Asker: 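Right, I'll just put the structure down here and ask away after.
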Amino acid sequence: MGRQYEIPVGAQHISLLEPLHFKFTTENERIVRTDANVYYVHRGIEQACCSKFKFRQVSFVVGRVCGLCSISHTTAYSQVAEKLLKIEIPKRAKYLRMLVIELDRIHSHLLCLSHVAENSGFEALFMKTMQYREFSMELLEAVCGNRIQYDFSIVGGVARDLKPETGQLILQRLKNFMPQLEELVGIYQHNWTLSLKNKGTGVLTREDAMRLNVVGPFARAAGLAVDVRNETEDLLPWKEVGFEMITDTAGDVHARNMIRLREIGVSIRLIRNIIDGLPESALLTETKAFPDGEATVRLEAPRGELFYYAKGNKTQVLERLKIKAPTFSNVAGMVHAFTGNEYGSAAAIIASYDPCLSCTAR
Amino acid sequence: MNLASYRKKSPWILHYNAGGCNGCDIEILACLAPKYDIERFGMINTGNPKQSDILLVTGPVTKRSRERLVEIYAQMPEPKVVISCGACASTGGVFRGMYNCEGGVDQFIPVDVYVCGCGTRPEQIIDGVVQALAILEKKTKELEESVKLKREAVKEGHQLNRRHIADEIKPVLS
Ligand code: SF4
């Protein structure tokens, strides 16, 4: 048995976007144990949502839980508030919500892929992926009016309509993006250097994924078919617009990359179907009721299952709001999958989890 | 070319997230990407506080990241410029008054440029950084003037610097 060394990574580190602290115990360059510390960015949003803000304002506050999947948070909160108010939202609003969620998924997945490439030491691919990602930011700006904090879903519907020209613009840009996506798939799949770095590292087996309750692309790469879009139909009609489950079996960094790239393909198909079949109706259901009772909502964010619980007491202010973010479920799996890998590939493995600490810590 | 002109032409950036929502962080990343390409100003993103000139901070300072922020700031060499990126880094934004937030970077370290917006647009960030460059130049000049004064004092022989001490020690050792 060799000597063991402890290597800390974080809280501020070049390969991390957010404050996150890992303590790796290594033996002959191999990681034998990992400690994770994720609560650097706890702000106390849940408490503020139940005391300071009225329930209609909360949808803007929970968007600031996370900038990458802010639409997932605002939509999930709006849905849970609509359940408390006992209203049904118009069909066009549902479709527009799905449209923005899928656009957001494209930009989030591309960001994660570029980050994996950068942390694997492939700077040129990072630049390329980021360049191709800009189209989705521009589309989101055209649809919602802002590049990151969209505030698109509000309680009762959506805040903006989709103009027909914008719809055409989206279709046109997606058409331009298709060859670029194929190029990216080619590079991530076949590039020799990248596959040396990514194949076989950070493996999480199917049994471990099941045991550790992993969600999102992380679980789907390990062969676990978990996707909320496949399970719930009542709030957003995913199957109607042609959702398809994608899984892989290898469970390593390469498999996660491929899952993300293929999911981008599915998202593009969904967006096309949504724009083609956009129903005509109002955008907002107005009501003067106050939230009452308890409700839960599950929604598939880019990183996995997002869970909201809310309790109302017939006043303007909610009694309790609970957010469970996908990365929170993944932390156990993340720590587990490091074991046995070389320390040198730890940065790429961290990026491939696509951790979102501001969601986790709220 | 001397150090000052390198510093002006190629400032290095350090980025720290003090508890924000990631929104401004991904826009900083987008600045590095080909569309906005902040590298054409010679800037690169470093991970080491000891090599950087500009500190980009995002997020309302949470109680736990407070010490880290001050520590990073203290490790950076002079001259240094701090940019607070986004509404929540400048004033606290939506997070103002939440129980674990301190509300604004300027409560702990001096901020030179405030960039507004939630989230900030890449154009605004680039604008802020270009403003920071002017401030950096001014700070460099001030710093160099004070260094000149110090040198003269050493020449007069009232103070010993390290070389003098070494000169004195040598004969004793040999
Ligand atoms: S200013 Fe807004 S977008 Fe930027 S980090 Fe703060 S909450 Fe997020």
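Throughout, a chain's letter reflects where its sequence line sits, starting with A, and its residues are numbered from 1. These numbers come from a predicted model, not from an experiment.
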Asker: Does a donor on one side chain and an acceptor on the other come within less than 3.5 Å for A:Y132 and A:E183?
Answerer: yes
Asker: Just checking, any donor-acceptor pair under 3.5 angstrom between side chains of A:T75 and A:S153?
Answerer: yes
Asker: What part of A:H107 is in contact with chain B, defined as an atom under 4.5 angstrom from a non-hydrogen atom: side chain, backbone, both or neither?
Answerer: side chain
Asker: I'd like to know if the side chain of B:S65 pairs up with that of B:Y16 as donor and acceptor (distance under 3.5 Å, no hydrogens or angles considered).
Answerer: no
Asker: With a 4.5 angstrom heavy-atom cut-off, could you sort out which part of A:E138 is near chain B: side chain, backbone, both or neither?
Answerer: side chain
Asker: Testing B:K80, B:K138, B:K139 for salt bridge (charged side-chain N to carboxylate O under 4.0 Å, His left out) with B:D112, which one passes?
Answerer: B:K139
Asker: Counting heavy-atom pairs under 4.5 Å to chain B, which of A:Q149, A:Q47, A:R147 comes out on top?
Answerer: A:R147
Asker: Using non-hydrogen atoms only, which part of B:C88 is less than 4.5 Å away from chain A: side chain, backbone, both, or neither?
Answerer: neither
Asker: So which of A:R43, A:R64, A:H42 has the biggest tally of heavy-atom pairs under 4.5 Å with chain B?
Answerer: A:R43
Asker: Sort A:Q131 into side chain, backbone, both or neither according to what part of it lies under 4.5 angstrom from a heavy atom of chain B.
Answerer: both
Asker: Please table the atom pairs, donor to acceptor, closer than 3.5 Å between any side-chain atom in residues 114-123 of chain B and protein atoms at least two apart or in another chain.
Answerer:
| from | atom 1 | to | atom 2 | distance (Å) |
| --- | --- | --- | --- | --- |
| B:Y114 | OH | B:D106 | OD2 | 2.9 |
| B:R121 | NH1 | A:E141 | OE2 | 3.0 |
| B:R121 | NH2 | A:E141 | OE2 | 3.1 |

Asker: What part of A:F53 lies closer than 4.5 angstrom to a heavy atom of chain B: side chain, backbone, both or neither?
Answerer: side chain
Asker: Can you tell me if A:S59 and A:T74 form a side-chain donor-acceptor pair at under 3.5 Å?
Answerer: no
Asker: Sort out for me which of A:N146, A:V65, A:I45 touches chain B most, counting heavy-atom pairs under 4.5 Å.
Answerer: A:I45
